Number of protein chains: 2
Amino acid sequence: MVEYTLSLDSIFSSLADPIRRDILKRVTERELNISDIAMPYPISLAAISKHLKILERAQLIIKRKQGKEQFVTISPVALKHAGDYIDQYASLWDERFDRLESLLKKGEK
Amino acid sequence: MVEYTLSLDSIFSSLADPIRRDILKRVTERELNISDIAMPYPISLAAISKHLKILERAQLIIKRKQGKEQFVTISPVALKHAGDYIDQYASLWDERFDRLESLLKKGEK
DNA sequence: TGTATATTCAACCATATGGTTAAATGTTAT
DNA sequence: ATAACATTTAACCATATGGTTGAATATACA
């Protein structure tokens with residue numbers, strides 16, 4: 001059974017780990033099999049397998065089985081969901097940064 | 001001592017908790033003191049205090065002491081950092097969604 | 001000065017997380 | 001049929017997380 005609902009809990013906790021963010025970046029550039037994904041990290045394949053399961057649950061990646069190996073790509077839906085969440089706050093920071101900028105300009109004079 | 005570097009680890013793990021996301025939303029709307037923040041949740045004040053410490057470490061909120069109470073506001077820097085991270089992927093999902101859309105249009109005909 | 005109010009700290013507990021190693025599974029090649 | 005390869009599962013361990021309660025601290029008020 002797979003979890004189908006996009007949950008901010010699982011998306012953000014996936015993104016909270018640097019190895020998982022790095023994997024995400026690499027499978028964005030090109031589709032990779034799991035052994036290739038594991039290569040750069042000084043941890044076991046079993047540990048990588050767990051990281052991938054977490055990313056998959058959060059719907060940040062997609063696995064495609066092909067023969068004895070498996071290929072992984074990014075799946076942008078969950079990231080978009082996180083982006084939409086954060087964008088709710090965008091107007092807020094724009095406003096604040098504008099205010100900061102105008103303060104700095106005053107200082108220049 | 002306070003942590004000064006904006007870390008995606010601490011920002012995303014802060015955002016991974018629904019209570020913390022809810023607090024963030026509420027202190028965006030208006031500045032609140034800690035007792036007011038705690039009110040809606042069925043957990044102890046001590047637990048809320050811990051959540052606030054986590055949000056503060058991640059630089060998602062700012063605390064302002066005033067007499068015996070403390071007021072909390074959002075601090076958009078960390079959120080902006082998270083937004084920038086996610087935006088790296090924006091072109092990617094736009095592209096994919098465009099492709100999806102054109103596929104759907106073909107289906108209409 | 002003493003007491004009430006606001007918040008944090010300390011000690012503790014249960015469960016989650018991120019890692020390990022060894023065994024199990026499924027697929028391809030000999 | 002068997003061996004090699006790719007990956008997952010199981011059992012385990014140490015540390016982190018999110019909660020609790022009770023005591024401690026700091027400020028305001030009578």
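No experiment lies behind these values; they were computed from the predicted model shown. A note on names: the letters A, B, ... follow the listed sequences, proteins ahead of strands, and every chain is numbered from 1.
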Separation of [N] [atom2] from [X] [atom1] (nearest whole Å):
X	N	atom1	atom2	value
A:K68	D:dA6	NZ	P	5 Å
A:L45	C:dG18	CG	P	17 Å
B:D9	C:dG18	CG	P	10 Å
A:K50	D:dA10	NZ	C1'	9 Å
B:D17	C:dT17	CG	C1'	15 Å
B:R20	D:dG19	CZ	C1'	12 Å
B:K63	C:dT7	NZ	P	10 Å
B:L32	C:dT7	CG	P	11 Å

Touch check for A:S44, heavy atoms < 4.0 angstrom, all strands: base, sugar-phosphate only, or nothing? base
Across the strands shown, which category fits A:I43 at heavy-atom distances under 4.0 angstrom: base, sugar-phosphate, nothing? sugar-phosphate
By nearest nucleotide on DNA chain D, pick out whichever of B:H51 and A:N33 is the more 5' one. A:N33
Between the side chain of A:D87 and the main-chain N/O of A:A90, is any donor-acceptor distance below 3.5 Å? no
Backbone N/O of B:I37 and side chain of B:R26: donor-acceptor pair under 3.5 Å: yes
Residue met sooner reading DNA chain C from 5', once B:I34 and A:I54 are mapped to nucleotides: B:I34
Return the 5'-most residue of the pair A:A47, A:Q66 with respect to DNA chain C, ranking by each residue's nearest nucleotide. A:A47
Have a look at A:S10 and tell me which of A:S7, A:S14, A:S13 forms a side chain to side chain donor-acceptor pair (under 3.5 Å) with it. A:S7
Determine, for A:D17 against A:R21, whether the closest basic-nitrogen to carboxylate-oxygen distance falls under 4.0 angstrom. no
